[in-house]
Amino acid sequence: MSQPSSLPARARVVVIGGGIVGTSIAYHLGHLGWTDTVLLERDQLTSGTTWHAAGLMVTFGSTSETSTELRKYTRDLYTNLEAETGLATGFKPVGFIELAADEGRLEEYRRVSTFNRHCGVDVQELSPREVADMFPLARTDDLLAGFYVAGDGRVNPVDATMSLGKGARQTGVTIAQGVSVLDVLARNGAVCGVVTDHGTIECEYVVNAAGMWARQLGARSGVSIPLQAAEHYYLITEQMDGLDPSWPVIEDPANYGYYREEVGGLMIGLFETECAPWNVGAIPHDSSFTSINPDWDRMGQYVEAAMSRVPVSLDTGIRTFFCGPESFTPDLRPIIGPAPEVRNYFVAAGLNSIGILTGGGLGRLVAHWIVDGDPGADVTGMHPARLQPYQSNPEYRRTRTVESLGMVYQCHYPNKSLHTARGAKLSPLHARLLGQGAFLRDVSGWESADWFAGPGQTADGGPLTWGRPAWWANWEAEHRACREAVVLMDMSFMSKFRVQGREAGAVLDRLSGNAVDGACGEITYTQWLNERGTLEADLTVTKLADDSFFVVATDTAHRHVESQLVRAAGASHVFTTDVTGAYAQLNVQGPRSRELLQTLTTADLSDAAFPFRAAREIDLGFARVLCVRITYLGELGYELYVPTEQAVHVYDRIVAAGPAFGLRHAGLKALASLRLEKGYRDYGHDIDNTDGPLEAGFGFALAFDKPGGFVGRHVVLARRDAGLERRLVSVLVTDPEPLMHHAEVLRRNSVAVGYLRSASYGHTLGGAVGLAMVEGHGEAITPAWLAAGSWTVEINGALYPATVSLRPLYDPSNARIRM
Ligand SMILES: Cc1cc2nc3c(=O)[nH]c(=O)nc-3n(C[C@H](O)[C@H](O)[C@H](O)COP(=O)(O)OP(=O)(O)OC[C@H]3O[C@@H](n4cnc5c(N)ncnc54)[C@H](O)[C@@H]3O)c2cc1C
């Protein structure tokens, strides 16, 4: 590898950090022909976190298609790399078994297995007897099952990194060790170079793959990367008789442990429920090959529990008790992609203890993102823009990280919500909603009502379950109130922007697939596309005046939408102001919403005077309110944007008038069930950056003929002419009993053709509902094709008949909206 003296004065890409992630990115950039790439490593390759990883290489376990594909590719890469570079990665396909020791995990792993098989991972369910045959030292009397992937196993993280480094160098990429990047330089909002302790390198792109240091480095450029290092443990026992290195790796989340052979002893890795952040203030710049003094007092109980799975370990001495730092993120997803703050500044960090087993695939994904502008996978869950700057605060990181590592091994029940770092953002109605019995959940930091407890009930959620939760009846009543009477829903967490200026209309119209610069006083539902004709955002644009617009998007899209707006505006006369906190958003929805609101305003709300899509400022009590007739729930309804200081006043007026109309408070559970009955999409959940608008069912929202067109138009037209082989369909399970949550596999004539991207329960339709992207495998997906098939969904190992439809299953003619 190169020494500092040979540093070039310029390069196209500078990758910062020679851990598994940075090295893999450099390798893949080289293989894509971008050999004018320099990787700079502060110390030696692997000296950060990579050197001490346990090296589990597991493809089982995720219900994210992107993550599963990353794992599969990584495993293949580690298998084949030696043939290319001559350096072995140490990958040993000894197999992997996930143990289910309780009913919750059994159901989780069965559901995951179905999805993983659909993605091409060969998972077999084993009996406890079969587990015992494969790992005879494990106690199996309390097990319910094991989930086995024969091709998984273990890899040597240092060897894999060195092999990737050699492969990168063979393509012409430069790797320089002992070079610290001190700063990233930007000009006109875009990267233009890096300052190192060995001089400056001009460059077009930077990738911050600096592991646990990435946050500090990002902060120097104003790039927010809210990750935090935490203590992470494994131990290695003395020599253990009878332990065979060819046995599979096993993982026992219920006992916090994973197990594999290591030089004749047993390695036991640990994921404790409450973990310890490491160096919240700043990661020391010079800490290399770090080994932290183990906290025996804190870890003792977990070590004991984990050892109980392999009882002989309790009587075997411990040779090493190792603790090293690893980076964790607020939502346990990595932070990968372009930073919204600085153009051409990519982040690839925050791997949450799976950097080795996803590192190969991440390198490829990031390299394609830089070279082609297309990551080639759904990146909505990993994009840096989904997170927010306040999450980088020391207090936030110190608080949230305690929970993050432990989440890895918990049973991932569908309604589980995070309990740390709460109360960061409160709606102006917070106290009022609590008074109504709101059960609160964290929505991008906002305390938001999930459902409401009735009189005499406590809003504690009851035990977590894959089945019907304790609050099922509350949820159903909220759902029915929206269909039959009227509900009040606080959605103040929505991202809101005021876009003003002489050219605001033109810029928004060019960004939007729909025509958004028409009449004043009208809201338009639209998508924003990229040049490849796939979705970047899903939002509404309300034209308030010729030079003033109101843009509303979902909470997780906040920074992505904002940065797209700012970048699209460029030097035009357009000014974007984030007004999220300036307005509460109160939803009054349901067939009696008009009657109710009409008692509170002098504005004429009749259909003739205030039609669907109208947006007007109205009087409501002492307040002035932007009232928009639109719905995300499938009924006649209104969104009220109320200045924060008048939100309580407006709320009180609505609640006081409510009883005569059957008003009920409704939460986010009802939001999900109502919108999915109606087939309304949610960006980042059922639609993402890999989908074209036609596949996603947005043909009705594309104004192909508007003057000036829109970004991505020609690609969409070409795809339309070629015929659509993927379509998002609504799915309803005919049997009212089984519940879908996400990732259930959908079959047509017994052949798997897709999976549920989002799911809920349709209390009006009478069964589990959701949205699935269906692949035609060479056939165009038309209503006739759907009708000709026999459809089933696999739920927890059983097949259930289902109805599928391109049109909404509830009120397909929109009659209820246009009352
Ligand atoms: C105990 C333990 C067990 C683990 N087991 C597994 C496992 O079994 N499987 C798995 O998939 N993952 C595992 N992990 C997680 C895995 O080790 C990490 O996810 C992975 O190594 C992260 O790689 P990285 O490249 O992001 O970070 P790092 O390896 O930390 O690389 C970042 C590099 O950036 C360099 N750097 C920092 N700042 C600068 C700068 N300013 N200029 C230049 N260079 C800089 C650092 O020196 C460092 O080498 C484990 C982690 C721990 C702690």
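Reckoned from all heavy atoms, side chains included, excluding hydrogens, waters and symmetry mates. As the structure lists them, so they are numbered: ligands from 1, and atoms in each ligand from 1. As the structure is a prediction and not an experimental result, all values here were calculated from the model.
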Looking at R154 and E261, is any side-chain nitrogen of the basic one under 4.0 Å from a carboxylate oxygen of the acidic one?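 Looking at R154 together with E261, the answer is yes, because their closest N to O distance falls below 4.0 Å.
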Using the test side-chain contact (heavy atoms from CB on, under 4.5 Å), find all partners of N393 that sit at least two apart in sequence or belong to another chain.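 For N393 the side-chain contact (heavy atoms from CB on, under 4.5 Å) partners, ignoring immediate neighbours, are Y396.
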Considering residues at least two apart in sequence or located in another chain, which fulfil the side-chain contact (heavy atoms from CB on, under 4.5 Å) criterion with V342?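 Partners of V342 under the side-chain contact (heavy atoms from CB on, under 4.5 Å) test: A186, V191, V223, Y345.
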Below 4.0 Å from any atom of ligand 1, which residues have a heavy atom? Give them in chain and number order, please.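 Only I16, G17, G18, G19, I20, V21, L40, E41, R42, S47, G48, T49, T50, H52, A53, A54, G55, L56, V179, S180, V181, A209, A210, G211, W213, H232, Y234, Y258, G324, P325, E326, L351, S353, I354, G355, I356, L357 have heavy atoms that fall under 4.0 Å of ligand 1, ordered by chain and number.
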Summary of side-chain hydrogen bond (donor to acceptor under 3.5 Å, both in side chains) pairs that have at least one residue in residues 317-327, sequence neighbours excluded: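 Every pair satisfying side-chain hydrogen bond (donor to acceptor under 3.5 Å, both in side chains) with a residue in residues 317-327: there are none.
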Give a yes or no answer on whether the side chain of T171 reaches the backbone of T35 with a donor-acceptor pair at less than 3.5 Å.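 The answer is no, because no donor-acceptor pair under 3.5 Å joins these two groups.
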Is the distance from the ring center of Y78 to that of F91 below 6.0 Å?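 Distance test on ring centres: not under 6.0 Å, no.
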